[in-house]
Amino acid sequence: MSTSAPSLAAPALREGAFGNAVELVCRECGTTRELGPHYVCAECFGPLEIRYDFPAITREQIAAGPNNIWRYKALLPVPDDIELSPNLEPGFTRLLKADNLAAELGLKNLWVKDDSTNPTNSFKDRVVACALSAAREFGSKVFACPSTGNLANAVAAAGARAGIKTVVFIPSNLETPKQVNSAVYTENLVAVDGNYDDVNKLASEIAGEQDGWAFVNVNVRPFYAEGSKTLGYEIAEQLGWRLPDQIVIPVASGSQLTKVHKSFKELIALGLVEDKPYKVFGAQATGCSPVSEAFREGWDVVRPVRPDTIAKSLAIGNPADGVYVLDICRETGGAIADISDDEVRDAIVLLARTEGIFTETAGGTTVGVLKKLVETGQLDPELETVVINTGHGLKTLDAVTDLVGPAATIAPTYEAFVASGIA
Ligand SMILES: *Cc1c(COP(=O)(O)O)cnc(C)c1O
Ligand SMILES: [Zn+2]
């Protein structure tokens with residue numbers, strides 16, 4: 001019996017369909033498997049990830065590429081002609097020196113990697129671009145996902161541009177802007193009465209029954225996940241081919257955090273950056289903090305929780321990569337912490353008023369956790385630190401509508417303005 005998703009027919013892959021990727025390897029037992037629409041190990045059901053055989057790759061070669069994630073195509077499971085296929089061309093977002101926020105938090109040297117400016121306003125455009133390439137090479141008929149919101153936006157938009165049918169599944173209680181941001185691109189937005197973990201389970205079942213459906217974060221997950229590496233490559237390149245000392249990353253499934261770490265290790269192995277220690281920190285909202293809890297308690301396992309937080313894009317109660325996040329944060333000397341919903345709201349306003357960046361609740365979580373880590377002494381304020389903003393505030397307006405608004409509502413007269421006391 002095959003343990004791969006039966007949803008995708010055995011593909012006749014073209015030569016070079018996955019670039020320098022050579023096989024899939026089990027994270028748990030190391031068993032290898034040929035590249036294909038597989039995501040679990042046939043021996044132990046562990047998660048599969050991509051293994052590469054990299055040629056020599058130079059900084060100049062990368063710098064000569066386009067100003068999007070395909071400048072790193074030699075490091076991704078995509079064909080060399082990837083730029084010829086229509087996609088959203090995400091990436092190469094701003095890395096901003098955040099001196100005002102740094103001063104506010106008592107940090108010496110802080111950067112914000114601002115991924116809110118991707119085509120559908122979250123970092124998910126990166127992973128979806130890689131999943132789309134795989135789906136295309138597998139000859140998939142439908143491009144689909146279970147989503148906490150942003151992923152559905154990215155899948156719906158990328159599928160529209162690629163001319164492939166999309167079906168996206170979300171929890172029915174999702175914020176209206178995130179629903180509209182999917183529905184505008186696809187006729188097939190399916191709202192499921194349940195939380196993300198219910199939606200994910202349903203998607204796995206559909207993937208097992210329907211032929212030719214590429215669920216980006218289910219049966220093509222190994223290819224999807226590699227897209228997050230580009231965040232790490234960009235940060236290193238934008239710092240002048242250097243790694244930061246500390247990095248703070250939000251944790252939903254934990255995929256992004258594990259892949260940013262993988263990207264740093266690859267850059268070191270390829271000699272593209274100097275080998276140096278760096279600490280990886282994870283951020284969660286208290287209402288969905290199973291990985292933070294495991295870190296605090298010293299557990300080796302992550303106990304699933306029922307999410308209840310305004311940080312809905314991070315509301316995964318049973319995170320697939322949770323244990324790997326624990327390993328990485330412990331190994332590198334980092335930590336994982338969580339903050340309350342009120343602290344998330346305050347951090348959204350703090351980032352906006354110090355740096356002019358409007359982040360969604362996930363970014364509020366990450367910035368708020370950065371603040372907490374400084375206060376608890378877990379993060380060294382003297383060291384160079386990068387914090388990742390993964391999404392845009394316009395998608396979660398409700399989170400701050402009670403905190404901000406007009407300072408005064410006045411008659412259209414000069415007297416009324418003077419009386420308001422604003423000048
Ligand atoms: C999906 C998402 C994340 C984290 O994703 P992982 O599942 O941990 O890779 C972070 N921020 C935003 C805004 C997201 O949409
Ligand atoms: Zn295995």
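Atoms within a ligand are numbered from 1 in the order they appear, just like the ligands themselves. What you see is a predicted model; the values in this text were computed from it and never measured.
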**Message:** Heavy-atom pairs closer than 4.0 Å: do any link ligand 1 to the side chain of Thr390, the backbone, both, or neither?
**Reply:** both
**Message:** Looking only at protein heavy atoms, which one is nearest to atom 14 (C) of ligand 1, and what is the separation?
**Reply:** Lys124 NZ, 2.9 Å
**Prompt:** For atom 9 (O) of ligand 1, which protein heavy atom lies nearest, and how many Å away is it?
**Reply:** Gln256 N, 2.8 Å
**Asked** Which angle, to the nearest 10 degrees, do you find at the Zn ion (ligand 2) between SG in Cys41 and SG in Cys29?
**Response** 110°
**Request:** Below 4.0 angstrom from a heavy atom of Pro250, which ligand 1 atoms are there? Numbered from 1 as shown, please.
**Result:** 10 (C)
**Request:** Please report the C-alpha distance between Asp81 and Arg14 in whole Å, then the side-chain angles of each, then the deciding distance to 0.1 Å, and finally whether the salt bridge (Lys or Arg N to Asp or Glu O under 4.0 Å) criterion is met.
**Result:** CA-CA 12 Å; Asp81 61 3; Arg14 66 179 177 124; 3.1 Å; yes
**Request:** Taking the side chain as every heavy atom from C-beta outward, state whether Phe123 and Leu231 have any atom pair closer than 4.5 Å.
**Result:** yes
**Prompt:** For atom 7 (O) of ligand 1, what's the nearest protein heavy atom and its distance?
**Reply:** Ser253 OG, 2.6 Å
**Item:** atom 4 (C) of ligand 1 [closest protein heavy-atom partner, distance rounded to 0.1 Å]
**Value:** Ala252 CB, 3.6 Å
**Residue from Glu83, Glu226, Glu89 passing salt bridge (charged side-chain N to carboxylate O under 4.0 Å, His left out) with Lys73** = Glu83
**Request:** Would you please determine whether Gly254 falls within less than 4.0 Å of ligand 1 on a heavy-atom basis?
**Result:** yes
**Prompt:** How far apart are the C-alpha atoms of Trp299 and Glu293, what are their side-chain angles, what is the distance that settles it, and do they pass the side chain to side chain donor-acceptor pair (under 3.5 Å) test?
**Reply:** CA-CA 8 Å; Trp299 300 336; Glu293 179 187 32; over 6 Å; no
**Asked** Can you list the atoms of ligand 1 that are under 4.0 Å from a heavy atom of Ala362?
**Response** 11 (N), 12 (C), 13 (C)
**Request:** Could you tell me how the ring of Trp213 sits relative to the ring of Phe169: parallel (under 30°), tilted (30 to 60°) or perpendicular (over 60°)?
**Result:** tilted
**Item:** Any N/O pair Ser122/ligand 1 closer than 3.5 Å
**Value:** no
**Request:** Give, rounded to 10 degrees, the angle between SG (Cys44) and SG (Cys26) as seen from the Zn ion (ligand 2).
**Result:** 100°
**Asked** By number and element, which atoms of ligand 1 are closer than 4.0 Å to a non-hydrogen atom of Leu314?
**Response** 3 (C), 10 (C), 11 (N)
**Message:** Distance check, rounded to the nearest 0.5 Å: Asn153 atom CG versus Asn118 atom CG?
**Reply:** 12.0 Å
**Message:** Once you restrict to heavy atoms under 4.0 Å, what part of Ser255 touches ligand 1? Side chain, backbone, both or neither.
**Reply:** both
**Prompt:** Mind checking whether Phe138 and Phe223 have parallel, tilted or perpendicular rings, split at 30° and 60°?
**Reply:** perpendicular
**Request:** Quick one: pull up CZ in Phe358 and CD1 in Ile348 and give me the separation to the nearest 0.5 Å.
**Result:** 6.5 Å
**Message:** Measuring from atom SG of Cys288 to atom CG of Asn318, what distance do you get when rounded to the nearest 0.5 angstrom?
**Reply:** 10.0 Å
**Asked** Is Gly391 in polar range of ligand 1, meaning some N or O pair under 3.5 Å apart?
**Response** no
